[in-house]
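What you see below is based on every heavy atom in this structure, not just the backbone, and it leaves out hydrogens, waters and symmetry mates. Proteins come first, then strands; the chains are lettered A, B, ... in the order of their sequence lines, and each starts at number 1. On a predicted model such as this, the values are computed, not experimentally measured, just so you know.
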There are 2 protein chains.
Amino acid sequence: MNERDVPGAAKAKDHRARVTQILIEKAFTQLLRAKPIHRISVKELCEAAGINRGTFYAHYADLYDLLAKMEARLMADLQRALEPLLAEDAQEPTLLALTSVIFRCLKENEDICAITLGPHGDREFTARLLDMARERCLAVYARRFDATPRQLSYYYAFVSSGCIGLLEKWAQEDMATGAEEIAAIASGIMVYGIEFLKAPDLRE
Amino acid sequence: MNERDVPGAAKAKDHRARVTQILIEKAFTQLLRAKPIHRISVKELCEAAGINRGTFYAHYADLYDLLAKMEARLMADLQRALEPLLAEDAQEPTLLALTSVIFRCLKENEDICAITLGPHGDREFTARLLDMARERCLAVYARRFDATPRQLSYYYAFVSSGCIGLLEKWAQEDMATGAEEIAAIASGIMVYGIEFLKAPDLRE
DNA sequence: TAGAAAATCAACAGCATGTTCATTTTCGAT
DNA sequence: ATCGAAAATGAACATGCTGTTGATTTTCTA
């Protein structure tokens with residue numbers, strides 16, 4: 001029988017395949033630090049990774065496919081981390097609990113985040129990221145505040161994108177500070193607005 | 001003598017050049033609505049615009065150069081609009097005044113915003129957009145609140161990106177609502193945080 | 001150790017790129 | 001209205017990357 005047959009964890013790949021995948025991804029992330037994806041060629045990537053170009057095409061359709069697959073892994077990770085909090089029957093999570101889970105998960109995927117959230121990342125992905133939690137969060141807000149749907153959606157648009165911005169800054173600083181601290185800042189601003197700047201407990 | 005010699009307004013171009021520029025930009029924005037820039041070829045764009053490929057290269061180095069030039073125009077517009085508010089000797093603007101000016105300017109450049117803020121837009125540009133007002137805004141905050149620089153920078157990161165998110169949503173809705181209303185929402189959230197959802201004056 | 005899977009290498013046609021040059025069209029100024 | 005300048009066109013070109021194929025070699029798994 002198979003030693004591992006977890007449905008979500010996909011196929012147990014060949015050792016060689018795993019190595020080349022790592023080589024490719026590492027070279028890719030390094031290149032992406034230096035220039036935007038559209039300035040990178042498959043040829044170039046393969047030379048940097050030290051693998052054959054044919055091998056690349058055996059795994060990915062093109063660079064964007066590669067990027068998409070890396071992003072998909074991150075999404076799945078986040079989904080898994082968020083699942084217990086957002087389950088229908090679960091207790092309503094606090095904003096801080098939510099952001100803590102998210103930021104902790106993203107810290108574990110720092111290398112990918114550094115790309116997708118960096119200046120060369122794609123907006124489409126962050127949009128998908130936000131979409132994941134939208135409905136649930138809106139439902140929670142709607143239950144707690146009797147605001148109009150329009151107000152709610154605007155608030156969510158602002159606040160979720162704000163978290164992304166904070167994330168970006170965090171990633172720029174190589175995620176040096178703890179995930180919990182950043183999460184506290186995020187929820188602090190979300191809740192208190194500009195009063196956050198007066199909150200003495202967050203001063204350093 | 002030259003009829004027009006405004007230093008900022010650049011060169012008074014030939015009538016033909018202006019026409020082709022418009023044709024190119026129009027075709028470009030239309031294509032960008034359908035697919036990301038990396039799926040668009042120069043050949044394709046020129047056919048859509050009904051111009052010769054050689055003509056395109058006479059004006060731009062590549063598609064990204066074209067995009068950059070369009071973005072630069074928007075930036076200059078915004079800079080001009082913001083100048084009086086952010087001048088050293090000017091009275092300190094309210095958050096609402098600031099956002100109003102910004103959102104109004106962006107509404108006037110709706111077509112470009114729809115691209116750069118859409119899912120296929122580039123993060124680099126929005127980052128530059130935020131950078132423009134950063135120092136000044138931070139200085140204003142620092143004067144009003146005695147928060148640490150670190151707190152300030154986090155707050156700014158969150159809030160400016162939040163505005164972008166709001167902007168995005170607004171652009172998705174074809175900027176149907178007035179710029180002032182959106183600006184009020186933005187500053188409302190920035191100031192009041194989640195209390196914004198209870199503010200009765202903004203209910204519809 | 002044998003068979004299967006993966007990586008390599010070489011070669012290929014196809015295509016977009018970016019450039020050049022001669023030619024034609026259009027503009028602006030006289 | 002005309003002339004010279006500027007811009008657009010069309011064609012042709014070398015170039016480089018692309019994506020695919022088939023034969024071969026290496027490496028893993030059972």
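For A:Tyr60 and D:dT20, the OH to P distance is 16 Å, given to the nearest whole Å. Residue B:Leu63 contributes atom CG, which lies 13 Å from atom C1' of C:dG18 at whole-angstrom precision. Summarising the geometry, the separation between CG on A:Asp65 and P on D:dT18 is reported as 14 Å, rounded to the nearest angstrom. Summarising the geometry, the separation between CZ on A:Phe56 and C1' on D:dG19 is reported as 11 Å, rounded to the nearest angstrom. B:Lys13 places its NZ atom 13 Å from the C1' atom of D:dA6, with the value rounded to the nearest Å. Distance, B:Arg18 CZ to D:dA8 C1': 16 Å, rounded to whole Å.
Note on ring orientation: taking the six-membered ring where Trp is involved, the planes of B:Tyr155 and B:Tyr141 are perpendicular (angle over 60°, cut-offs 30° and 60°).
Of the listed nucleotides (D:dA8, C:dC27, D:dC28), D:dA8 has the atom at the smallest distance from the side chain of B:Ala17. Of the candidates C:dT8, C:dC27, D:dA12, the closest approach to any side-chain atom of B:Arg53 belongs to D:dA12. With C:dC27, D:dC28, D:dA12 as the choices, the nucleotide that has an atom nearest any side-chain atom of A:Arg16 turns out to be D:dC28. Taking every side-chain heavy atom of A:Asn52 into account, C:dT8 is the closest of C:dT8, C:dG18, D:dG19.
Contacts of B:Phe103 classified as ring pair (Phe, Tyr, Trp, His ring centres under 6.0 Å), with partners at least two apart in sequence or in another chain: B:Trp170. Not counting sequence neighbours, the partners of B:Glu44 by the side-chain hydrogen bond (donor to acceptor under 3.5 Å, both in side chains) test are B:Lys35. Scored by the side-chain hydrogen bond (donor to acceptor under 3.5 Å, both in side chains) test, B:Lys43 finds B:Glu47 as partners (sequence neighbours excluded). When the side chain to side chain contact (heavy atoms under 4.5 Å, CB included) test is applied to A:Gln79, the partners found at least two apart in sequence or on another chain are A:Glu83, A:Met132. With sequence neighbours excluded, the residues satisfying ring pair (Phe, Tyr, Trp, His ring centres under 6.0 Å) with B:Tyr64 are A:His38.
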Mind listing the side-chain donor-acceptor pairs of residues 118-127 of chain B below 3.5 Å, one per line with the distance, residues two or more places apart or on another chain?
| from | atom 1 | to | atom 2 | distance (Å) |
| --- | --- | --- | --- | --- |
| B:Arg123 | NE | A:Gly118 | O | 3.3 |
| B:Arg123 | NH2 | A:Glu168 | OE1 | 2.5 |
| B:Thr126 | OG1 | B:Arg123 | O | 2.8 |

Can you give the donor-acceptor pairs under 3.5 Å from side chains of residues 19-29 of chain B to other protein atoms, not counting sequence neighbours?
| from | atom 1 | to | atom 2 | distance (Å) |
| --- | --- | --- | --- | --- |
| B:Thr20 | OG1 | B:Arg16 | O | 3.3 |
| B:Thr20 | OG1 | B:Ala17 | O | 2.9 |
| B:Gln21 | OE1 | B:Lys13 | NZ | 2.8 |
| B:Gln21 | NE2 | B:Glu25 | OE2 | 3.2 |
| B:Glu25 | OE1 | B:Arg73 | NH2 | 3.1 |
| B:Glu25 | OE2 | B:Arg73 | NH1 | 2.9 |
| B:Thr29 | OG1 | B:Glu25 | O | 3.1 |
| B:Thr29 | OG1 | B:Lys26 | O | 2.8 |

For residues 156-163 of chain B, which side-chain N or O atoms pair as donor and acceptor with protein atoms under 3.5 Å away, sequence neighbours left out?
| from | atom 1 | to | atom 2 | distance (Å) |
| --- | --- | --- | --- | --- |
| B:Tyr156 | OH | B:Leu130 | O | 2.9 |
| B:Tyr156 | OH | B:Arg134 | N | 3.3 |
| B:Ser160 | OG | B:Tyr156 | O | 2.7 |
| B:Ser160 | OG | B:Ala157 | O | 3.4 |
| B:Ser161 | OG | A:Ser161 | O | 2.7 |
| B:Ser161 | OG | A:Gly165 | N | 3.3 |

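Residues B:Asp62 and B:His15 each lie close to DNA chain C; by heavy-atom proximity, the contact nearer the 5' end of the strand is made by B:Asp62.
Sequence neighbours left out, the pairs with a member in residues 95-120 of chain A that pass salt bridge (Lys or Arg N to Asp or Glu O under 4.0 Å) are A:Arg104-A:Glu180.
The phosphate of D:dG19 (OP1 or OP2) has a side-chain N or O of A:Tyr57 nearer than 4.0 angstrom. The side chain of B:His59 contributes no N or O atom lying less than 4.0 Å from OP1 or OP2 of D:dA7.
B:Asn52 places a side-chain N or O within 3.5 Å of a backbone atom of B:Gly54 that can act as its donor or acceptor partner.
Within a heavy-atom distance below 4.0 Å of DNA chain D, the residues of residues 20-29 of chain B found are B:Thr20. Only B:Ser41, B:Val42, B:Lys43, listed by number, bring a heavy atom of residues 40-51 of chain B to less than 4.0 angstrom from any atom of DNA chain C.
An end-to-end axis angle of 40° holds for the helix from C:dT1-D:dA30 to C:dT30-D:dA1, taken from five base pairs per end and rounded to 10°.
Between A:Asp131 and A:Arg128, none of the side-chain N atoms (NZ, or NE/NH1/NH2) sits under 4.0 Å from a carboxylate O, so this pair counts as no salt bridge.
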